[in-house]
Amino acid sequence: MFKLLKEIFRTGQATALYPFAPPQTIKDSRGKPEHDPVKCIACAACTGACPANALSMKTDVAAGTRTWAINYGQCVFCGRCQEVCPTNAIALTTEFELAVARKDDLITRATFKLAYCRTCGAAFSTLKEVDYVARLLGALAETPKEAERIRAHAEICPACKRRLDVEEMAQANPVRQMECL
Amino acid sequence: MNAPIFRDDLTIKPQGLSMSNEVAALKGRLLKSIGRSVYVYRVDCGGCNGCEIEIFAAITPIFDAERFGIKVVPSPRHADILLYTGAVTRAMRMPGLRAYEAAPEPKIVVSYGACGNTGGIFHDLYCVWGGTDQIVPVDVYIPGCPPSPQATIYGFAMALGLLDQKLKETHHVEGEGESVPLIHPEIPYALRVAVERRAREMAGYLHGKVIAEAFLAALAAPEPASVEARLAALTAQESDPRVVEIYGQLRAVLRAMVVEQAS
């Protein structure tokens, strides 16, 4: 009897106290992917990477918006969205208290404004994405003139960009171009 | 002939069950405060068994769901809570409904795991109904793939009215002049790419990014200490020898690029 009591005291308490104490989670445990909509550029890289289609992106041209959404009920917590996010807007946390009584509470949405092409006026991207790309590539430019050209190119849609490229090529001196190569 | 085929055209959407007002009132009382032990019957509707392993982990002495009176029983006729796991496959629809019918009223239905909630990663399979709520009315959804034992305990505590729901539906709308900061603009772009590429080669996709971010943050830190001293401090803080090795490799990448730039 004494031996048994001694053994019990030696072992101590094995049971985790949760929910009466803060949960014991380890650093690498995969929990709720937390999305920071301020950092998000709505590039849709995460929605392409998501294997369970928990992430979705819907464009409403009439309203001029693009809506990003995550369904935590469909998420498999793999972290592919964190891997591909170019601005670190989404990252896994250790948060696991996600149970809900109403299914709609599992969904988080973020709406962004569309960007319109400077030349033809068609919607082709989001304002934040165009701005981010222009600043990122502009920082790599060697001259202010080059940075200005990059920003002008970022603000037009792919179809107009192709047309503009052809025009610029026609204006350039092809002999000189060959020499550069 | 080459018309697109959609899953919804090939499958039938089953009608959910309805319940009488009397039963709904009894169930409301059960959800609010049960005041006794609860018996749980587990229905596997075509899951991968990951969820089952976590349920059994939740009733081990470490997590000990039985201290709340939660007990897993072998028959739906004894059950207060029906725990549905799996994406509800075509073959498991009738057994799932039979288990529901066999449990006495009032009963709580808990949908467990990503598959039980929406179909999860199997949501667009031809043989999958896509979620427990397609066949029976669900009271609590526990997300996770699979939910950890702690998430399981939280979900049960919520189903029994012991804890409150934390996750709420949110909708952010872009404000005026929202702008995204560039990541580490003070570090040359080529160096950022080289560091991240090496880290991903070494540690795999997710941790590679995390390790590269920690490394670049230390590199860009506006401290008075030299770059070498800052990176040495970052390496010294790390207890995992694998990450220490990767930091060493990233410092070699940095050194090679600096030498290349100088020559």
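Only the side chain of L163(B) comes within contact range of chain A, judged by heavy atoms closer than 4.5 Å. For A151(B), the parts sitting under 4.5 Å from any heavy atom of chain A are the backbone and the side chain alike.
Within the model, atoms NE2 of H207(B) and CD of Q82(A) stand 8.5 Å from one another, a figure rounded to the nearest 0.5 Å. Atom-to-atom distance recorded for H172(B):NE2 and W68(A):CH2 is 11.0 Å, nearest 0.5 angstrom.
Shown here are the ring pair (Phe, Tyr, Trp, His ring centres under 6.0 Å) partners of Y18(A), two or more places apart in sequence or in another chain: F96(A). Partners of F20(A) under the ring pair (Phe, Tyr, Trp, His ring centres under 6.0 Å) rule, at least two apart in sequence or in another chain, are F68(B). In this view, Y205(B) satisfies the ring pair (Phe, Tyr, Trp, His ring centres under 6.0 Å) rule with no residue, not counting sequence neighbours.
Other residues, nucleotides and ligands contribute over 12 non-hydrogen atoms within 6.0 Å of the NZ atom of K168(B).
Remark: the backbone N or O of A101(A) is paired with a side-chain donor or acceptor of Q165(B) at under 3.5 angstrom.
Across E178(B), E174(B), E176(B), a single residue satisfies salt bridge (charged side-chain N to carboxylate O under 4.0 Å, His left out) together with K128(A), and that is E178(B).
Along residues 209-220 of chain B, the residues that come nearer than 4.5 angstrom to chain A, judged on non-hydrogen atoms, are K209(B), V210(B), E213(B) in order of number.
Per-residue heavy-atom pair counts under 4.5 Å with chain B were compared for R30(A), K32(A), E95(A), and the maximum is reached by R30(A).
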